[in-house]
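Structure, as structure tokens:
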Protein chains: 2
Amino acid sequence: MKSSVTMKDIASKLGVSSVTVSKALNDKEGVSDSLKLKIKKVAGEMGYRFNSAAKSIKEGLSYNIGVMIPQRFTGLQESFYLRVYQQIAIQLDHYGYFGILNILSSEDEEELNFPRVYSENKVDGIIVLGQVSKKYIETVQNMELPKLFLDFYDEHAAIDSIVTDNFYGAYEITNYLIQCGHRDIAYVGNIYSTSSIQDRYLGYYKSLLEHGMVFENRLLLNDRDEHGRYIDIEFPEKMPTAFVCNCDQVAYNLCERLNAMGYRVPDDCSVVGFDNDVYATLANPQLTTVEVDIEQMARTSVKTIMDKVANPNRHIGRLLVHGKIIYRDSVKKINL
Amino acid sequence: MKSSVTMKDIASKLGVSSVTVSKALNDKEGVSDSLKLKIKKVAGEMGYRFNSAAKSIKEGLSYNIGVMIPQRFTGLQESFYLRVYQQIAIQLDHYGYFGILNILSSEDEEELNFPRVYSENKVDGIIVLGQVSKKYIETVQNMELPKLFLDFYDEHAAIDSIVTDNFYGAYEITNYLIQCGHRDIAYVGNIYSTSSIQDRYLGYYKSLLEHGMVFENRLLLNDRDEHGRYIDIEFPEKMPTAFVCNCDQVAYNLCERLNAMGYRVPDDCSVVGFDNDVYATLANPQLTTVEVDIEQMARTSVKTIMDKVANPNRHIGRLLVHGKIIYRDSVKKINL
DNA sequence: CTGAAAGCGCTTACAG
DNA sequence: CTGAAAGCGCTTACAG
């Protein structure tokens, strides 16, 4: 950055004070229009660039927001959170802010280390994108700046959070399966893995309850171990007619597996996913799923964190962003 | 950031000067070990956080690097550049730096606007990730800070660049096809679209030349229009026995298309890709392809830009990162 | 080993 | 309308 041209340089070139230059460049009152114009012109000619660090130090604001993503959600196959981050960066731009990505390494999460963006005062707020451990949630709570959980929440922590309405989305898509005549519907997911998976399960469960159907444990199919690694799904003796998967990738894997086993989707089994990500359209057949509105999540998150930066006492609680069912080819209407 | 605890606060609590606190916290000489220890302890207790803006203003360094990705490379299906960005962020962390993502909107690219990270002096260097227009390359050249092109280059611009060795990778994989007995090999890609696509084409072409094979125009198959949107590939009358695709996604699409047309891959036609991204393993069959080493690209880029921040006169020219052929199931040995 | 002074580039009252 | 003074939090010589 080598402090190239400063306001002072412009000032002395024009024989005015740097205060006047500051006012002119910021369109503040107290400079004649003609002088303001002249200053702006010269600033342009000299290639002046604003020094945001100086402003930061005065205002105590960095104009950055940190986005923290736990490392384990950034595998080669997963780009959902990176996409959310991208949308956040775009939204922040509208507020004159920038987004700094912070991948939370497993070690740092384990050792409860503060992220550098925090300890070096690099950001005015932090968005934690993706579930972190209970312990680390406490660490986040100890950070003295506006913070927000995105795509997960914790009952015990009084931290604002923004999540897809997982419960309602799964509830709706299960209702749809039931409308299509399905009576033996399984849920695929490790319900102790993340709150998203758990809430989607509960929406599925509510739908069953409302329709007077009985839930049996054989209908709950585990898809991953406690480290989040996918495991082979064990099917019950009697094959269900439909599967509600906790996400599209799992639905995609399930379709592959079913095809390999000789089942045709949707003729033999119907499958629905959640997220509407790449896997939804890559699957064969293409998946009926619940779309997660990434842009809306980013927009809401950024608006919220900006609110909280301006007013640290603002509290929004848990905010739900609605999903929307996308109808494709993986569900079959069956006879009642 | 509300300038919570400052060095001055620590100093007055301990009855020393802020200079001493600064020295102690930065492990500089001139403080007794006992005092240093005490200062660090109190700093910890008071929840002191370093104010990097103040340091920035003194040193004229922001400790941020901007990563600029043209909007058009960030579609829903493409996450390659986001992954590269992620690796860059991780590498920057090792140097005490942060990465700021800057999506270059089509308007800004069109209107040749400087990115805000530049005009607000937010970064010490910029990595341009993904080909920008000729005109915009000039705009980048006018920026007065260390800069680097990643994953593309421009002959006329004397800007350092880091690219996968596209030429050599395509050359090698085409050699492999020829070794497998193929004599009628097509290249799939719009060679006027990006330099990567063009260089891969040239590697393919060199392989043909070296093996005394004649290239005919019917073997060059266009895959996208001038805006980068995929178009339906038009096949030549006589079907080639193998296809060198400019990337895995196009190879994936091609496989789908060939399957739909009744051709079996690799029995009827062999197909190879480039990148080794998600599409390579998603394709049916899985693709033989050239792996792009994302981590290595990020590591090299970060090392280079750090060098250039320290020494602005450093010039590396065009640096190639080697790819590696990954052998899978999309190529068949045929009779010579 | 310790600290008073000056300065980084900018902005915010306040005085003229 | 214009500008001198003070200060944001820190660091870098330099003096004791």
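A note on names: the letters A, B, ... follow the listed sequences, proteins ahead of strands, and every chain is numbered from 1. Predicted model only: the values in this text are computed from it and were never measured.
Listed nucleotides: dC10(D), dT2(D), dA13(D). Nearest to the side chain of Phe50(B): dC10(D).
Considering only side-chain N and O atoms, Thr20(B) lies under 4.0 angstrom from the phosphate OP1 or OP2 of dG3(C). At least one side-chain nitrogen or oxygen of Ser32(B) sits closer than 4.0 Å to the OP1 or OP2 atom of dT2(C). Applying the 4.0 Å criterion to OP1 and OP2 of dC8(D), one finds that Asn51(B) has every side-chain N and O outside that range. Contact check, Tyr48(B) against dC10(D): a side-chain N or O comes under 4.0 Å of OP1 or OP2. The phosphate of dT12(C) (OP1 or OP2) has a side-chain N or O of Lys28(A) nearer than 4.0 angstrom.
For the pair Leu61(A) CG and dT11(C) P, the computed distance is 14 Å after rounding to whole Å. The CD1 atom of Ile57(A) sits 8 Å away from the C1' atom of dC8(C) (whole-angstrom rounding). At whole-Å resolution of the value, CG in Leu25(B) and P in dG9(D) are 15 Å apart. Lys55(B) has its NZ atom 18 Å from the C1' atom of dC8(D), to the nearest Å. Distance CE (Met7(A)) to P (dG3(D)): 14 Å, rounded to an integer number of Å. Atom-to-atom, NZ of Lys23(B) to P of dT11(D) comes out at 12 Å; the value is rounded to the nearest Å. Atom-to-atom, CD of Glu59(A) to C1' of dT12(C) comes out at 10 Å; the value is rounded to the nearest Å. Atom OH in Tyr63(B) sits roughly 13 Å away from atom C1' in dC8(C) (whole-Å rounding).
Looking at which nucleotide of DNA chain C each of Ser22(A) and Glu29(B) is closest to, the 5′-most match is held by Glu29(B).
Considering all non-hydrogen atoms of both residues, Val302(A) and Gln91(A) come closest at CG2-CB, 3.6 Å.
When ring centroids are compared, Tyr85(A) and Tyr85(B) come within the 6.0 Å threshold. For Phe149(B) and Tyr153(B), the gap between ring centers reaches or exceeds 6.0 Å.
Using a cutoff of 4.0 Å between basic side-chain nitrogens and carboxylate oxygens, Arg49(A) and Glu144(B) are not scored as salt-bridged.
Checked by distance alone, Lys58(B) brings no side-chain donor or acceptor within 3.5 Å of a matching partner on the base of dG9(C).
dC14(D): Watson-Crick or G-U partner is dG3(C), with both key distances under 3.5 Å.
Side-chain contact between Ile39(B) and Thr20(B) is present, with heavy atoms from C-beta onward closer than 4.5 Å.
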